[in-house]
Each structure stands twice: as C-alpha cells, then as structure tokens.
Amino acid sequence: SVTLKCEVEHPSAGWRFYWYKTVPKLSDRLYRYELLPGSDSGTEEDSYMVHGQTHTAGYVCRAGRGEPVFYTEHSKPTFVWSGDFPPSASLTVSPDRVQHFTSDSVSLSCEGNSTEWRVRRFPEDSYLSLCSDWGTMTGSTCNVSGLNSSAVYWCESGSGQFTNSVNITGHNIILMSPVHPVTEGQSVSLGCRLKTGQKLSNNVFFYQNDKLVQNDTRVELIISAVSKPHEGFYKCQHSGKESPQSWMTVKISDYNIIFILIVSAGHEIFPWSLIIGLVCGREIFVFLI
C-alpha cells in the first residue's frame, strides 16, 4: 500500500482534498487526471491510501473549500515506480543491464496491448522529460546514444498504461547486473567492465551491501542458484576505481512442483497407492519403484 499526502501553502481549516491518478495525453506531452475512488466530494484528511499497488503510477492532488467550491491548482505529478512487470505492458532494455558506459547506445522498447507509446525519464539531477528531448523515438522504441546521468525510465500509453520502470546509469567503470528481478533458483552472473575495454587482470573486488564477497582475478561474480539473501546492493572495484551500486531484486517462485511417487509390484502399477506432494515449483516428477 502507498500513502499519498497533500499540503496547501497556508494550512487552515475548511479544506477538502481531491485525489487523482494521471493518464497520459500523447498529443500534448501532459496528463489528464481521473479521480480516485472515494474522493468525488473530497476528503477531510490530507492523506489518501492506495491499496495493493503493483505497477508504476502517477498521482496528483488539489484542495478546495467554500460554496461554491474554490479549488487550488493541481499539484505536480508524483510517481511511484515499480520494477515488477505489469500483466499488460513492459519496458525492455538492450543491452539488458542497469549500468552502462556514458558513450553507450541503449534501446528502450515498450511492449503491450497498445499501438501508441512514449518513453519518459526522470533524472536525479533534472526534470521529467520525453524521449524526443534526449533520444530518437521510432515506433515503440526509444534509442539513446549517450547516458550522462542516472535516471528512471518507463513507458506510457495513450490508454493509460504504465510499464515497469528501470533505473539506468552511465559511468566509466560498470557493474553488469540484470535490469529486472531474478527468480529464486536461477543462475546469475555479475560482471565488472572498464570503459576503455582494458582487460581486468588484477584482483577484482565484488561487494554486496558494502561487504566484500569475492576478491580474486575473476571478473565475474557467479551465483549458481539465487535465493532471497542474495538480494541487495552490488558494486565492483578494480585498481582504485569503483562502480556505482546496483540493486538486485530476487523474486520468490510462485509455481508448484508436485512429486508423485507410484509404487509398482511386478507389472502391476497401483497408482495413487502412495502420493507425496511438495509445493515448490512448476514441474511434475513421477518416480516409479
């Protein structure tokens, strides 16, 4: 759940608060606003809770009082970003990693049940902008020729869809890590690279949450089976140069594995004479004894 809070410049009694979600208007770069449930007549409280948010979304508020009602201007949109894939839309990155060299060319592709998309970014040192301000939009793909700062990227459609968001940074030494959450049990490789293309021959240090986890000549940190404790911030270090940290998310698998044990005597099989079920994954294994 997410709690939204609205403030007026000079607080006083009598204000009611109105809450909206943002819907992209592809024609003029802006958003239209749709009232959230329960705020048609405003709320006395200056906070509003959104329950069960699962995907990236934008919100605005405004206040009103008096009869007839005098309204303030709308607030600026505030976004809550999610890295999880919504069921109907997604943003993919090529090359598929969080950190890139400043001179890298990167493609951001929007996918989903919509024919019109736009890509937005919110840099940590600037303002909300569109792909046309810093890249080239071709169909549903935004091509970027250089990354000079860290920013959050996502796709928006004219039908009101928001994709998952990704954080992308540009640097001279990078940690190669997956953009999207990895599922528990999968194998993951985290690599360290220099912009110059120089081979890393000396010791490479890998850190998880600032704790050293590997220190040798290997330029990759390989995790053969990811589990929840592997989630966290990772970075690499070589010859005094350090990459930024990247967060790796680990998802718990929500599928079922069913182990079925069938006891047989000679040529006769007595199915279901002994069945053992174990919930863990998606495959079915049958053992004949």
Side-chain angles (χ1 to χ4, degrees), residues 2 4 6 19-36 50 53-62 73-171 177-181 244 246-247 249:
V2 175
L4 311 177
C6 196
W19 311 89
Y20 307 82
K21 67 176 181 179
T22 61
V23 179
K25 293 171 60 179
L26 301 189
S27 58
D28 59 8
R29 304 166 62 96
L30 301 176
Y31 297 96
R32 60 182 174 86
Y33 306 134
E34 292 183 357
L35 276 167
L36 291 171
V50 180
Q53 173 161 327
T54 58
H55 60 275
T56 297
Y59 301 99
V60 299
C61 70
R62 68 171 174 173
E73 295 180 355
H74 290 91
S75 68
K76 292 182 178 180
T78 295
F79 291 88
V80 180
W81 290 297
S82 169
D84 286 340
F85 282 90
S88 59
S90 64
L91 167 63
T92 57
V93 182
S94 181
D96 184 16
R97 59 178 188 259
V98 175
Q99 296 178 17
H100 297 260
F101 297 123
T102 53
S103 57
D104 277 353
S105 293
V106 178
S107 293
L108 308 165
S109 298
C110 309
E111 299 175 2
N113 53 2
S114 179
T115 56
E116 291 186 293
W117 293 95
R118 67 185 181 191
V119 177
R120 304 209 81 154
R121 78 173 179 185
F122 200 172
E124 60 184 17
D125 58 354
S126 188
Y127 54 87
L128 189 66
S129 59
L130 293 175
C131 173
S132 56
D133 299 325
W134 34 265
T136 303
M137 194 77 186
T138 305
S140 59
T141 299
C142 176
N143 297 297
V144 189
S145 58
L147 300 164
N148 296 320
S149 63
S150 175
V152 177
Y153 295 79
W154 70 92
C155 300
E156 303 173 343
S157 76
S159 57
Q161 298 178 87
F162 290 83
T163 68
N164 57 297
S165 60
V166 296
N167 186 58
I168 299 177
T169 58
H171 304 278
S177 59
V179 172
H180 303 299
S246 284
W247 176 266
T249 300

*Within-4.5 Å side-chain heavy-atom neighbours: V166 and H180*: yes
*Taking the side chain as every heavy atom from C-beta outward, state whether F162 and T22 have any pair of such atoms under 4.5 Å apart.*
yes
_Distance, nearest 0.5 Å, that separates SG of C142 from CZ of R118_ = 13.0 Å
*asked:* Quick one, Q161 with N113, criterion side-chain contact (heavy atoms from CB on, under 4.5 Å). Give me CA distance, side-chain angles, the key distance, then yes/no.
replied: CA-CA 9 Å; Q161 298 178 87; N113 53 2; 2.9 Å; yes
*Distance in Å, L4 CG paired with T78 OG1, rounded so as to fall on 0.5 Å steps*: 8.0 Å
*Residues in salt bridge (Lys or Arg N to Asp or Glu O under 4.0 Å) with D96, at least two apart?*
none
*Are any side-chain N or O atoms of T141 and backbone N or O atoms of S109, one a donor and one an acceptor, separated by less than 3.5 Å?*
no
*Once you round to the nearest 0.5 Å, how far does SG of C110 lie from CE of M137?*
4.5 Å
_L91 backbone acceptor or donor facing N164 side chain under 3.5 Å_ = yes
*Applying side chain to side chain contact (heavy atoms under 4.5 Å, CB included), name anything that partners E111, two or more places apart in sequence or on another chain.*
S90, T92
_With a 3.5 Å distance limit and no angle check, can you tell me whether Q99 reaches the backbone of P244 through a side-chain donor-acceptor pair?_
yes
*Inspect the surroundings of CD in E116 and state if more than 12 heavy atoms from other residues, nucleotides or ligands are less than 6.0 Å away.*
no
_Going by ring-ring contact (aromatic ring centres under 6.0 Å, His included), name the pairs with one or both residues in residues 111-146, residues two or more places apart or in two chains._
W81-F122, W134-Y153
_Quick check for you: to the nearest 0.5 Å, what is the distance between D104 atom CG and R97 atom CZ?_
5.0 Å
*Of the non-hydrogen atoms in A89 and T163, which two are nearest, and what is the gap between them?*
CB-CG2, 3.8 Å
_Separation between CH2 of W247 and CG of N167, rounded to the nearest 0.5 Å_ = 13.0 Å
*Relative to each other, are the rings of H74 and Y20 parallel, tilted or perpendicular (30° and 60° limits)?*
perpendicular
*Please test V144 against H100 for side-chain contact (heavy atoms from CB on, under 4.5 Å), starting from the C-alpha separation and ending with a verdict.*
CA-CA 11 Å; V144 189; H100 297 260; over 6 Å; no
*asked:* If you compare all heavy atoms of R62 against all heavy atoms of C6, which two are closest, and at what distance to 0.1 Å?
replied: N-SG, 4.2 Å
*Using the side-chain contact (heavy atoms from CB on, under 4.5 Å) rule, take V50 and Y59 through it: C-alpha gap first, then chi angles, then the decisive distance, then the call.*
CA-CA 10 Å; V50 180; Y59 301 99; 3.5 Å; yes
*Does S165 reach the main-chain N or O of V152 with its side chain, forming a donor-acceptor pair under 3.5 Å?*
no
*So which heavy atom on P95 is nearest to which on V93, and how close?*
O-CG1, 3.4 Å
*Calculate, to the nearest 0.5 Å, the distance between atoms CZ and NZ belonging to R32 and K25 respectively.*
8.5 Å
*Answer yes or no: is there a donor N or O on one side and an acceptor on the other, between the side chain of D28 and the main chain of L30, under 3.5 Å?*
yes
*Kindly give the heavy-atom pair with the smallest separation between P123 and A151, and that separation in Å.*
CA-CB, 3.6 Å
*Do R120 and P24 have side-chain heavy atoms sitting under 4.5 Å apart?*
no
*Shortest non-hydrogen contact from P178 to V98?*
O-CG2, 3.6 Å
